[in-house]
Amino acid sequence: MNIAQIRLRVICMPLKSPFHTHLGTVTEREGIIVEVMDSDGVSGFGEGVAFSTPWYTEETVKTSLHILSDVLIPLLKKKQINHPEDAAGLFKKIKRNHMAKAGLEMALWDLYAKKNLISLSSLLGGTRGEVASGVVIAADSLSNSLTQIEKYLEAGYQRFKIKISPRQDYSLIAEIRRQYPELPIMADANSAYTLKDIDSIKALDDFNLLMIEQPLASDDIIEHSLLQKEIRTPICLDESIVSFEDARKAIELGSCKVINIKAGRVGGLYEAKRIHDYCVGRGIEVWCGGMIEFGISRAHNVALASLPGFTVPGDISASNRFWEEDIITPEVTVENGFVTVPKGPGIGYGINEKRLRETTQFEKIITF
Ligand code: OSB
Ligand code: MG
């Protein structure tokens, strides 16, 4: 791959409505757009999905920018790679910083697919022409949750993920279940519980949830295995799985029956695919998670979710779930509950240059 320059942009956009979890409220999203241009002038795009503050993982926009500019891009400058799969090996000696690595790695995948005139989905081994769409309900009250569910049901979403915490769990889910007896729903706790809360978690077995996501802390891998033995609801891990090795250990311990795969959280598409392949061989279900992302990362998610093991509708929502106007064109849309997987080269979406320009707060070009 003949890289000529890399452009890093920090962009910022307000969310259409506040996103509430027990860890805090997101009203505005900063993100990093990575553009890798080769000597023929072809550009591949990736997105760094760290948040402004370290509430979900330890990375932030600032730490990602530092790792990209001062560590990863210099490594890539020093050593020529032939395929995006080589990036993971090159970045291996740098500890963690998975979101920074993924932002760059995913741009390399897009560039490689574009140069070879194939879709990113095909390059990764995708087999689906459309991916099933789910949506997250992160409201601050029961009535707002119900309003959102009604709205997203009308928009065609197939699976609803409700954020819960000890402050708002049983009664919230009970009322949703009462009003929608057949709705495919799951809960996401973002580590709001400890094993001491086992009775509250067990009580949720009443509601035929598809799964409960990340009930305990990210390093509670043994505790999750104990919990899974005590509850009927399948446990899905999110924050706990930041690598292939984490996935292997969690599965061996019986800590989960489902894994939420986010390429950003695990360091890129190569590692995401390895986790996918391992799970498929072992009867562990996987689905594609979301990060309140902009169109670039959203497009990468669509390609990833076209792989055969992604059997559960993911957090793959339309651009208009979060944004007035996205930075890609066309925007990601949901029709009859599905997003069509683009067939064009790379991620298969163009850049909305005007929107990208007006949301850019900082920009830096590194020439090779
Ligand atoms: O826990 O899955 C999560 C958003 C940001 C960080 C963590 C999570 C989420 C979501 C939203 O649940 C997923 C989406 O973008 O649709
Ligand atoms: Mg989650």
Side-chain angles (χ1 to χ4, degrees), residues 13 15-31 47-61 64 98-99 102 131-139 145 148-149 151-152 155 157-165 185-193 209-218 220 224 234-242 246 250 256 258-266 272 286-302 304-305 312-323 326 331-332 334 339:
M13 242 189 252
L15 271 65
K16 278 164 75 178
S17 59
F19 185 91
H20 299 280
T21 73
H22 77 104
L23 295 167
T25 300
V26 181
T27 56
E28 201 178 59
R29 179 70 159 117
E30 271 187 307
E47 186 177 318
V49 295
F51 288 95
S52 308
T53 63
W55 67 272
Y56 171 74
T57 62
E58 64 274 35
E59 290 181 83
T60 68
V61 171
S64 287
H98 293 153
M99 292 173 173
V131 300
S133 199
V135 70
V136 57
I137 307 296
S145 300
Q148 288 190 19
I149 289 172
K151 180 169 92 178
Y152 296 132
Y157 289 101
Q158 300 192 33
R159 187 234 57 187
F160 296 76
K161 173 169 119 175
I162 322 292
K163 293 286 190 184
I164 58 163
S165 72
I185 55 174
M186 57 173 289
D188 184 3
N190 289 107
S191 304
Y193 299 88
L209 297 175
L210 292 170
M211 66 194 82
I212 180 167
E213 183 175 339
Q214 198 69 44
L216 311 176
S218 54
D220 278 351
H224 277 107
I235 292 177
C236 168
L237 291 176
D238 174 359
E239 286 91 328
S240 290
I241 309 297
V242 304
D246 285 347
C256 65
V258 188
I259 292 180
N260 161 345
I261 300 183
K262 296 179 183 174
R265 197 190 63 229
V266 303
V286 303
W287 54 276
C288 182
M291 283 293 290
I292 317 180
E293 53 247 299
F294 301 110
I296 303 289
S297 179
R298 205 166 286 276
H300 278 277
N301 286 347
V302 171
L304 178 63
V312 182
D315 283 343
I316 298 189
S317 51
S319 294
N320 73 6
R321 160 68 180 84
F322 293 110
W323 318 119
D326 203 344
E331 297 199 342
V332 175
V334 172
V339 176

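Both ligands and their constituent atoms are indexed starting at 1 by order of listing.
Geometrically, ligand 1 and S317 share no nitrogen or oxygen pair separated by less than 3.5 Å. Here's the thing with F322: none of its N/O atoms is less than 3.5 angstrom from an N/O atom of ligand 1. No N or O atom of R298 sits closer than 3.5 Å to an N or O atom of ligand 1. For D188, a nitrogen or oxygen atom sits less than 3.5 Å from a nitrogen or oxygen atom of ligand 1, counting backbone and side chain alike.
At a heavy-atom distance under 4.0 Å, no atom of V135 approaches ligand 1. With a 4.0 Å heavy-atom cut-off, ligand 1 is reached by the side chain of V136 but not by its N, CA, C or O. Within the 4.0 Å heavy-atom criterion, the part of N190 lying near ligand 1 is the side chain and not the backbone. With a 4.0 Å heavy-atom cut-off, ligand 1 is reached by no atom of R321.
Backbone or side-chain N, O or S atoms of E213 reach the Mg ion (ligand 2) at under 2.8 Å.
Listed by number with element, the atoms of ligand 1 under 4.0 Å from a non-hydrogen atom of D238 are 1 (O), 2 (O), 3 (C). Here is the list of ligand 1 atoms found below 4.0 Å of a heavy atom in F51: 5 (C), 6 (C). Of all the atoms in ligand 1, the ones that sit under 4.0 Å from a non-hydrogen atom of W55 are 5 (C), 6 (C). Taking every heavy atom of E213 and a limit of under 4.0 angstrom, the matching atoms of ligand 1 come to 2 (O). Taking a cut-off of under 4.0 Å to the non-hydrogen atoms of K161, the atoms of ligand 1 that pass are 2 (O), 3 (C), 12 (O).
Nearest protein heavy-atom contact of atom 12 (O) of ligand 1 is K163 NZ, 2.9 Å. With hydrogens left out, the protein atom closest to atom 4 (C) of ligand 1 is I292 CG1, 3.6 Å, a heavy atom.
Residues V49 and R29 come closest through the heavy atom pair O-NH2, 2.8 Å. Closest approach of N190 and K163 over heavy atoms only: OD1-NZ, 2.7 Å.
Checking V258, I259, I212, L216 one by one against I235, the side chain to side chain contact (heavy atoms under 4.5 Å, CB included) holds for a single residue, I212. Among the candidates R265, M99, R298, the single residue satisfying the side chain to side chain contact (heavy atoms under 4.5 Å, CB included) test with M291 is M99.
The nearest non-hydrogen atom to atom 3 (C) of ligand 1, considering only R29, K262, M291, comes from K262.
D238 and Y56 share a donor-acceptor pair across their side chains, judged by distance under 3.5 Å alone.
The backbone N or O of G290 lies less than 3.5 Å from a partner atom in the side chain of K262, making a donor-acceptor pair. Of the possible donor and acceptor atoms, one in the side chain of S319 sits under 3.5 Å from a partner among the backbone N and O of V332.
At least one side-chain heavy atom of M13 sits less than 4.5 Å from a side-chain heavy atom of W323. Counting heavy atoms from C-beta on, the side chains of F160 and Q148 never come closer than 4.5 Å. The shortest side-chain heavy-atom distance between H300 and E47 does not fall under the 4.5 Å cut-off.
Around NZ of K16, the count of heavy atoms belonging to other residues, nucleotides or ligands within 6.0 Å exceeds 12.
To the nearest 10 degrees, the angle centred on the Mg ion (ligand 2) between OD2 in D188 and OD2 in D238 reads 180°.
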